[in-house]
Amino acid sequence: MIDAQSVKTSASVPDWESSEEEIDRRDGQLRAIARPVTREEAKALVSCFGPDDCYGVAWTLLHLIETGPNPVLATAPGPEATNGTGGSSTAL
């Protein structure tokens, strides 16, 4: 099994421009993490989201985070996180 901290330190989820090998590698890393994740692991994994959904890898990441205790985020994201919609959320 791979721990969430080692996934976090190996960079965010790749974007659409990444090679198929890189996408498969990151997807495999996420799928190898033991479930459920701890609160600390979920917090570490939140920082791994990339600029797009990367052929579904972001959904794998989200579902992994959802196995941990909620809420993961204790503070509301800044205004730049709302993409101009004016909405805000304090948890995933």
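These numbers were taken from a predicted model, which means no experiment stands behind them.
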When rounded to the nearest 0.5 Å, the distance separating CG of Leu45 from CD of Glu66 is 12.0 Å

Not counting sequence neighbours, which residues clear side chain to side chain donor-acceptor pair (under 3.5 Å) with Asp24? List them please.
-> none

Which value, rounded to the nearest 0.5 Å, describes the distance between Cys48 atom SG and Leu62 atom CG?
-> 12.5 Å

Would you list the atom pairs, donor with acceptor, under 3.5 Å between side chains in residues 49-60 and any protein atom, with sequence neighbours excluded?
{"residue": "Asp52", "atom": "OD1", "partner": "Trp16", "partner atom": "NE1", "Å": "3.4"}
{"residue": "Asp52", "atom": "OD1", "partner": "Cys54", "partner atom": "N", "Å": "2.9"}
{"residue": "Asp52", "atom": "OD2", "partner": "Trp16", "partner atom": "N", "Å": "3.1"}
{"residue": "Asp52", "atom": "OD2", "partner": "Trp16", "partner atom": "NE1", "Å": "3.0"}
{"residue": "Thr60", "atom": "OG1", "partner": "Asp27", "partner atom": "OD1", "Å": "3.4"}
{"residue": "Thr60", "atom": "OG1", "partner": "Arg31", "partner atom": "NH2", "Å": "3.3"}

May I have the step-by-step check of side-chain contact (heavy atoms from CB on, under 4.5 Å) for Val37 and Ile65, ending in yes or no?
-> CA-CA 7 Å; Val37 297; Ile65 292 167; 5.7 Å; no

From Arg39 atom CZ to Asn70 atom CG, the distance as rounded to the nearest 0.5 Å | 7.5 Å

Taking every non-hydrogen atom, the tightest pair across Leu30 and Arg35 | O-NH2, 3.5 Å

Residue set satisfying side chain to side chain contact (heavy atoms under 4.5 Å, CB included) with Thr38, at least two apart, ordered chain then number -> Glu40, Glu41

